[in-house]
2 protein chains.
Amino acid sequence: MVTLEDVAKQAGVSLATASRVLNGSTRQVGADLRARVERAAYELGYRANIAAQTLARGASNVIGIVVHDLTDPYFAALADGAMRAAAGENLLVMVGTTHRDPEQEIAYVATLNAQRVRAVLLVGSRVADPGVTERLRGELDRYQASGGRVACVGQDLLGVDTVAPANYEGAAALARSLAELGHTRFAILAGPPHLMTARDRCAGFASALAELGLPEPRVIQGPFDRDGGYRAAQETGEATCVFAVNDVMAVGALAAYRERGIRVPDDVSVAGFDDIATLRDQVPALTTVRLPLQDMGARALELALAAGEEPTVEQVAGEVVLRESVRAVR
Amino acid sequence: MVTLEDVAKQAGVSLATASRVLNGSTRQVGADLRARVERAAYELGYRANIAAQTLARGASNVIGIVVHDLTDPYFAALADGAMRAAAGENLLVMVGTTHRDPEQEIAYVATLNAQRVRAVLLVGSRVADPGVTERLRGELDRYQASGGRVACVGQDLLGVDTVAPANYEGAAALARSLAELGHTRFAILAGPPHLMTARDRCAGFASALAELGLPEPRVIQGPFDRDGGYRAAQETGEATCVFAVNDVMAVGALAAYRERGIRVPDDVSVAGFDDIATLRDQVPALTTVRLPLQDMGARALELALAAGEEPTVEQVAGEVVLRESVRAVR
DNA sequence: GGCACACTGGAAACCGCTTTCCTGGAGGTC
DNA sequence: GACCTCCAGGAAAGCGGTTTCCAGTGTGCC
């Protein structure tokens, strides 16, 4: 491994000079020494040891992103947005996937703290478990105490900068749009009760229905993924309109109805949430609530990096997008 | 920031002892000292500084994965497989996305080298540009010379451990299956000519047709993504069977046909490649060549970590999966 | 009882780089 | 011409760990 010292020696200069030339510094270096150093570095194929730099500078150029599942396009889009923003700031990205295990999430924060990453982005729904939240908070406190920056995408549960999609309001708006089409008997594929995102969307939808004086929707819980939607769709009974709390579940529901010969939207209307790009070509096209996922990811990074005294919570509105998977009744 | 020295001081032991207790070592430490150190570390909330550890140990516990685009489910699946494998080995993962820019890929290798990561995984098609390949090779050489490990998923172009999907053979097998259904007039949505993956799949398909004595397929080039498939599908003319070199393009093609009132598979059969999980619920279900993407990602990491003198090239077979997007003719 | 040996604990060298502090020379001013 | 300032270059002190080497102690064996 060629070190800075090798370069300095070959160029016939001091370590300090070589460092100043190669790795940026406010100090000037004379033209000929500078050239000698650059030449030596090139000839030797020098690559700075970033671990050493990080140690000496006391600051790294890495950020960490913790997501639940990269193969879920929702997280992929958020992560991608954050990574583009990071690339723009010349930051490297460390990605951890928890596969929905909150313990893993806590462990990642600890590890990223040990790595002294500049910022940590927690992407994905918080869970409604005070114990877990408490311990996560503890780990974050420790990290922040040593100068780490944190932002999260999801719920404002941690007292850190947060990009919060308007799950409740978005679902409520969707409910009103669907009610306007004449639907009265609703079902909600609600996901798991401990996931705040699922819960908020479910609650928003249900409360909008209540405000309109419509009958209570049938709420069917289950996993937050495609198969969860598929299975929950078996139990929607008489409902003429089904709201899945995310697009991936909605696609599962579409598959279930298709198999059973139930036509969407003729027999039942289906709506999702998120507006996942990969699913835009579904047939029938999915009615959903669009979230600007990439922007949200990028914004979270910005929030984390901006110093901000008080934690900022940024609400991101969703936009109801009516497509062919729903139709008007009567 | 609490350092090991703080812990040692609080526990009343030497730095060496504290290090041995907390950060793993072959050496034993007496029970009471051990307990004192652990207690002090806990009380102070000590987190080892990994940059320092990396520097001192001369080896990091990080690997790098370079992909083209995380929001493309193909890469997401490969990356996920690799990340699961990495988690099993207790390695952290640094992910870089090139957005299909080969220069970015080279730059990432340089950066990851500077980070002294344990291994680098290059995921995604090589490009048919000798200049780029040459420079990438140079950067990899440098990295490997200093003990770095490299593996790649895609083509065996770099003289490193490679997991190589059988693009040519898979496409050929698909062509034979489709020919068996009676099709004779084919079109290939071929993607861009410089992408080896696209090129190999296209060539495999075409040559199998040739061997069967069938007329030459119409080859339509374009981008490797959904919109590329959508646009290319405008030009398939008289073909009764269209092969898109990946699933995402095939979905684009399906959308194009749908819009134009061309029924799949009644009017035209469509097949893709990869068997992307997120697209399994497409209607009509996509005929494709299944690749075990997650396994491939995991395997690439294994290859990289295993010392291997000679670079291993591991062929991964694809499995033709016939679904409703194709039908027999005549 | 004496001696070799295994083992635990600590001092200190080192990993590769940054940055402070110091030195000497060039240039400017009165 | 003396004095001051400014600046380029180098020596060396860290950054926070790991690990080698050494010393001291307790144990086993003859």
Side-chain angles (χ1 to χ4, degrees), chain A residues 1-38 40-41 44-62 111 113-118 142 146-148, chain B residues 1-38 40-41 44-62 111 113-118 142 146-148:
Chain A
M1 203 57 242
V2 18
T3 72
L4 190 59
E5 193 174 356
D6 300 334
V7 174
K9 211 166 284 173
Q10 163 127 350
V13 302
S14 76
L15 211 54
T17 302
S19 170
R20 296 200 258 253
V21 170
L22 296 176
N23 301 319
S25 154
T26 47
R27 290 266 313 247
Q28 291 291 317
V29 172
D32 65 330
L33 286 199
R34 150 163 259 113
R36 294 223 309 264
V37 171
E38 276 165 351
L44 269 42
Y46 170 71
R47 288 281 174 274
N49 182 326
I50 299 204
Q53 287 193 156
T54 299
L55 181 56
R57 300 210 246 246
S60 83
N61 62 336
V62 177
T111 307
N113 184 357
Q115 293 277 350
R116 304 293 190 277
V117 297
R118 269 254 266 288
R142 206 200 285 306
S146 56
Chain B
M1 202 57 243
V2 19
T3 72
L4 189 58
E5 192 174 356
D6 301 333
V7 174
K9 209 166 284 172
Q10 163 129 349
V13 302
S14 76
L15 212 54
T17 300
S19 169
R20 295 201 260 254
V21 170
L22 295 175
N23 301 318
S25 154
T26 47
R27 291 263 316 246
Q28 293 290 318
V29 173
D32 67 328
L33 286 198
R34 148 163 262 111
R36 294 223 308 265
V37 171
E38 276 163 352
L44 269 44
Y46 170 72
R47 287 283 174 270
N49 181 328
I50 299 206
Q53 286 194 155
T54 299
L55 181 57
R57 297 212 249 246
S60 82
N61 63 338
V62 177
T111 309
N113 183 359
Q115 293 277 351
R116 301 295 188 278
V117 298
R118 267 254 265 290
R142 207 200 286 306
S146 57

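Each chain gets a letter, A, B and so on, in the order its sequence line appears, and its residues count up from 1.
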Toward the 5' end of DNA chain C, by each residue's nearest nucleotide, B:Q28 or A:A48: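 Nearest nucleotide further toward 5': that of B:Q28.
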Mapping B:D32 and A:A16 onto DNA chain C by nearest heavy atom, which one lands closer to the 5' end?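 Counting from the 5' end, the first nearest nucleotide belongs to B:D32.
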Would you kindly give the [atom1]-to-[atom2] distance between [X] and [N], to the nearest whole Å?
{"X": "A:L15", "N": "C:dC21", "atom1": "CG", "atom2": "P", "value": "18 Å"}
{"X": "B:R36", "N": "C:dT8", "atom1": "CZ", "atom2": "C1'", "value": "14 Å"}
{"X": "A:N61", "N": "C:dT18", "atom1": "CG", "atom2": "P", "value": "12 Å"}
{"X": "B:L55", "N": "C:dG16", "atom1": "CG", "atom2": "C1'", "value": "5 Å"}
{"X": "A:E5", "N": "C:dT18", "atom1": "CD", "atom2": "C1'", "value": "14 Å"}
{"X": "B:R34", "N": "C:dT8", "atom1": "CZ", "atom2": "C1'", "value": "12 Å"}
{"X": "B:N49", "N": "C:dC17", "atom1": "CG", "atom2": "P", "value": "16 Å"}
{"X": "A:L44", "N": "C:dG16", "atom1": "CG", "atom2": "C1'", "value": "15 Å"}

What about [X]: does its side chain form a donor-acceptor pair under 3.5 Å with the base of [N]?
{"X": "A:R47", "N": "C:dG16", "result": "no"}
{"X": "B:R27", "N": "C:dG9", "result": "yes"}
{"X": "A:R20", "N": "D:dG10", "result": "yes"}

How is B:I50 classified with respect to the nucleic acid when contacts are heavy atoms under 4.0 Å: base, sugar-phosphate, or nothing?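 No contact.
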Taking any heavy-atom pair under 4.0 Å as a contact, classify A:G58: base, sugar-phosphate, or nothing.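 Nothing, no heavy atom under 4.0 Å.
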Any donor-acceptor pair under 3.5 Å linking the side chain of [X] with the backbone of [Y]?
{"X": "B:R118", "Y": "B:S60", "result": "yes"}
{"X": "A:R116", "Y": "A:A114", "result": "yes"}
{"X": "A:R36", "Y": "A:A11", "result": "yes"}

Would you check if A:N49 and A:T3 make a side-chain contact, meaning some heavy-atom pair closer than 4.5 Å?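 A side-chain contact is absent here, since even the closest heavy-atom pair is not under 4.5 Å.
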Within the structure provided, determine whether A:I50 and A:N61 are in side-chain contact (heavy-atom separation under 4.5 Å).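 Yes, side chains in contact.
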If you only use heavy atoms from C-beta on, which nucleotide in [options] is closest to the side chain of [X]?
{"X": "B:T17", "options": "C:dG16, C:dG9, D:dG17", "value": "C:dG9"}
{"X": "B:V29", "options": "C:dT19, D:dG17, C:dG9", "value": "C:dG9"}
{"X": "B:L4", "options": "D:dT18, C:dG10, C:dC17", "value": "D:dT18"}

Short side-chain N/O contact from [X] to OP1 or OP2 of [N], under 4.0 Å:
{"X": "B:N23", "N": "D:dT18", "result": "yes"}
{"X": "B:S14", "N": "C:dG9", "result": "no"}
{"X": "A:S19", "N": "C:dT18", "result": "yes"}
{"X": "B:Q53", "N": "D:dT18", "result": "yes"}

Which atoms form the tightest heavy-atom contact between B:G45 and A:R142, and what is the distance?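 Shortest heavy-atom contact: CA-NH1, 3.0 Å.
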